[in-house]
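What follows is a short report on a single structure.
Here is how names work: the chains are called A, B, and so on, in the same order as the sequence lines, proteins then strands, and each is numbered from 1.
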There are 2 protein chains.
Amino acid sequence: MRRIPEATIRRLTHYLRCIEFIKETGATILQSRELAAFCSISDSLVRRDLSYFGEFGTKGVGYSIDELEKHIKKILGIDRIKKVGLAGVGNIGSALLKFPLRRNGFHIVAAFDIKEELVGREINGIPIYHEKDIPRIFKEKGLEIGIIAVPQNVAGDVAEKMIEGGAKGILSFALLQCPLSRKIPVRYIEIAAELEILSYEIEKED
Amino acid sequence: MRRIPEATIRRLTHYLRCIEFIKETGATILQSRELAAFCSISDSLVRRDLSYFGEFGTKGVGYSIDELEKHIKKILGIDRIKKVGLAGVGNIGSALLKFPLRRNGFHIVAAFDIKEELVGREINGIPIYHEKDIPRIFKEKGLEIGIIAVPQNVAGDVAEKMIEGGAKGILSFALLQCPLSRKIPVRYIEIAAELEILSYEIEKED
DNA sequence: TCCTGTGAACAACTTCACAGCG
DNA sequence: CGCTGTGAAGTTGTTCACAGGA
């Protein structure tokens with residue numbers, strides 16, 4: 001199979017959001033043109049994106065919404081729940097603990113912080129452990145994904161502990177400055193960067 | 001001037017992060033190769049990115065770190081503080097109110113919520129108003145950017161109120177389903193989508 | 001000499017346009 | 001006929017390779 005553009009994968013997540021929305025209207029068939037309109041892109045791009053993974057549609061008709069949803073979830077690997085561990089129960093961290101990520105197939109099973117007064121407590125039913133126990137708890141509970149919401153200066157250490165515990169991927173709110181000992185996929189959420197890009201778009205004269 | 005790739009703008013924000021970091025080491029000159037290594041990209045891409053905006057470097061030497069920082073901030077429009085209004089003082093919203101965005105040139109001046117018990121209070125020195133007052137406060141205080149951290153079903157209404165108040169750009173944590181009355185730049189932070197992309201990267205056999 | 005800035009080559013991604021199937 | 005799936009064309013973004021200035 002050809003290499004898949006990252007942009008295609010990102011759009012797949014948009015398609016999923018649209019499908020969830022459209023499903024509520026009771027529709028069962030969806031055409032590339034309609035899905036494209038929802039996402040403000042061209043219909044041929046929708047077809048191209050889906051065609052990377054097989055032939056899901058029916059010529060002359062469109063795509064079965066249920067089938068399409070199942071296929072996209074399979075492609076994204078969210079056809080089964082993934083267990084997540086979150087480090088850093090500060091502002092962002094505790095907000096995420098209350099966030100309904102489970103709806104999207106991600107289950108935050110354990111949280112970690114360095115503050116003794118937090119260790120042993122629970123937020124939203126999620127137990128908080130000490131950060132030094134990250135490797136052990138990741139292994140014991142079979143956590144696959146780590147979310148990093150700690151200050152930047154310790155983010156690298158936390159990432160290493162997650163990797164030591166067998167994490168397969170990391171989503172980080174802090175820049176990981178040092179190269180990681182073992183290569184696993186890392187994605188960033190950079191609020192400041194998004195605001196800066198927005199600022200550029202505002203200022204540039206079109 | 002040629003059209004600038006969005007990827008270039010995103011990298012500009014990375015360059016800024018690197019510069020902030022490198023400045024602390026006391027260096028005053030930076031070469032494209034070094035900056036590229038920090039960002040794990042090619043040196044020619046760094047030079048290409050910068051060349052879109054003029055000739056900042058000195059041949060045979062490199063770039064003055066201070067000059068480069070100033071130029072990039074100018075390009076991104078963050079050479080002056082931008083005032084921000086934030087709607088939705090829930091989990092994510094109140095975390096953002098405590099986040100030091102000011103360091104990056106963004107000043108959250110007002111927050112908004114629909115809950116009467118929050119209205120009139122302050123978080124981190126930022127006053128909370130009722131969401132119905134978004135247009136008035138945006139105008140009165142000259143807010144340029146709106147951050148949306150409200151539930152998805154009211155996100156569209158909130159966006160419209162911000163636009164009515166003269167907002168020039170929006171950063172949203174919720175999908176804005178309806179088309180906006182006036183076209184302004186909108187960027188999204190989609191935590192679920194990032195996790196889904198991460199999931200894909202984990203599952204795919206390389 | 002060394003590193004920047006940039007045409008030209010190359011690679012990646014998107015759109016076009018239509019064959020082909022239901 | 002209508003809509004998908006896909007070669008081919010077109011467009012956009014990145015790398016190469018080197019001219020040219022400090």
Requested in this report: Quick one: closest heavy-atom pair of B/Ala174 and B/Gln152, and the distance?
Outcome: CB-CA, 4.0 Å
Report summary line: B/Ile9 CD1 to D/dT12 C1', in whole Å, measures 15 Å
Report task. Any side chain to side chain donor-acceptor pair (under 3.5 Å) involving residues 86-103 of chain A? Give me the pairs, sequence neighbours left out, ordered by first then second residue. Result -> A/Arg102-A/His107
Query raised in the report: In residues 17-32 of chain A, which residues come under 4.0 Å of DNA chain D by heavy atom?
Result: A/Gln31, A/Ser32
Query raised in the report: Can B/Glu203 and A/Lys82 be said to form a salt bridge (Lys or Arg N to Asp or Glu O under 4.0 Å), step by step?
Result: CA-CA 11 Å; B/Glu203 299 285 337; A/Lys82 283 199 157 57; 2.7 Å; yes
**Report entry** Separation of C/dG5 C1' from B/Arg33 CZ (nearest whole Å)
**Finding:** 16 Å
Query raised in the report: According to the interplanar angle, ranging from 0 to 90°, do the rings of A/Tyr129 and A/Phe112 count as parallel (below 30°), tilted (30 to 60°) or perpendicular (above 60°)?
Result: tilted
Query raised in the report: Between the side chains of A/Glu160 and A/Ser181, is a donor N or O closer than 3.5 angstrom to an acceptor N or O?
Result: yes
Query raised in the report: D/dT6 C1' sits how many Å from A/Phe56 CZ, rounded?
Result: 15 Å
Query raised in the report: Can you check the B/Phe53 CZ to C/dT4 P distance for me, whole Å?
Result: 17 Å
**Report entry** Check against salt bridge (Lys or Arg N to Asp or Glu O under 4.0 Å), A/Glu201 and B/Lys168
**Finding:** CA-CA 9 Å; A/Glu201 291 176 347; B/Lys168 295 177 186 165; over 6 Å; no
Every protein N/O within reach of nucleotides 12-15 of chain C N/O, cut-off under 3.5 Å:
unit_1: C/dC13; atom_1: OP2; unit_2: A/Arg3; atom_2: NH1; d: 3.3
unit_1: C/dT14; atom_1: OP1; unit_2: A/Arg11; atom_2: NH1; d: 3.0
unit_1: C/dT14; atom_1: OP2; unit_2: A/Arg11; atom_2: NH2; d: 3.1
unit_1: C/dT15; atom_1: OP2; unit_2: A/Ser42; atom_2: OG; d: 2.8
unit_1: C/dT15; atom_1: O4; unit_2: A/Arg48; atom_2: NE; d: 3.4
unit_1: C/dT15; atom_1: O4; unit_2: A/Arg48; atom_2: NH2; d: 2.8

Query raised in the report: Taking it one step at a time, do A/Ile123 and A/Ile128 satisfy side chain to side chain contact (heavy atoms under 4.5 Å, CB included)?
Result: CA-CA 8 Å; A/Ile123 290 184; A/Ile128 303 175; 4.1 Å; yes
Query raised in the report: Can you name the side-chain hydrogen bond (donor to acceptor under 3.5 Å, both in side chains) partners of A/Lys161, sequence neighbours left out?
Result: none
Requested in this report: Take the protein atom CG of B/Asp43 and the nucleotide atom P of C/dC3, then report the distance between them rounded to whole Å.
Outcome: 10 Å
Query raised in the report: Where is the tightest heavy-atom contact between B/Ala193 and A/Thr13, given as atom of each residue plus distance?
Result: CB-OG1, 3.7 Å
Query - Length of the CD1-P vector between B/Ile65 and C/dC3, whole Å - result: 15 Å
Report task. Give me the bend of the helix from C/dT1-D/dA22 to C/dG22-D/dC1, using the axes of the five pairs at each end, rounded to 10°. Result -> 10°
Query - Exceeds 12 heavy-atom contacts within 6.0 angstrom, atom NZ of B/Lys74 - result: no
Query raised in the report: Over how many whole Å does the gap from A/Lys59 atom NZ to C/dG22 atom P extend?
Result: 8 Å
Report task. Among residues two or more places apart or on two chains, list those pairs meeting salt bridge (Lys or Arg N to Asp or Glu O under 4.0 Å) that have a residue in residues 7-23 of chain A. Result -> A/Arg10-B/Glu194, A/Arg11-A/Asp49, A/Arg17-A/Glu20, A/Arg17-B/Glu196, A/Lys23-A/Asp66, A/Lys23-A/Glu69
Query raised in the report: On DNA chain C, nearest-nucleotide positions of A/Thr58 versus B/Gly57: which is more 5'?
Result: B/Gly57
Query raised in the report: Atom CG of B/Leu50 to atom C1' of C/dG5: distance rounded to whole Å?
Result: 10 Å
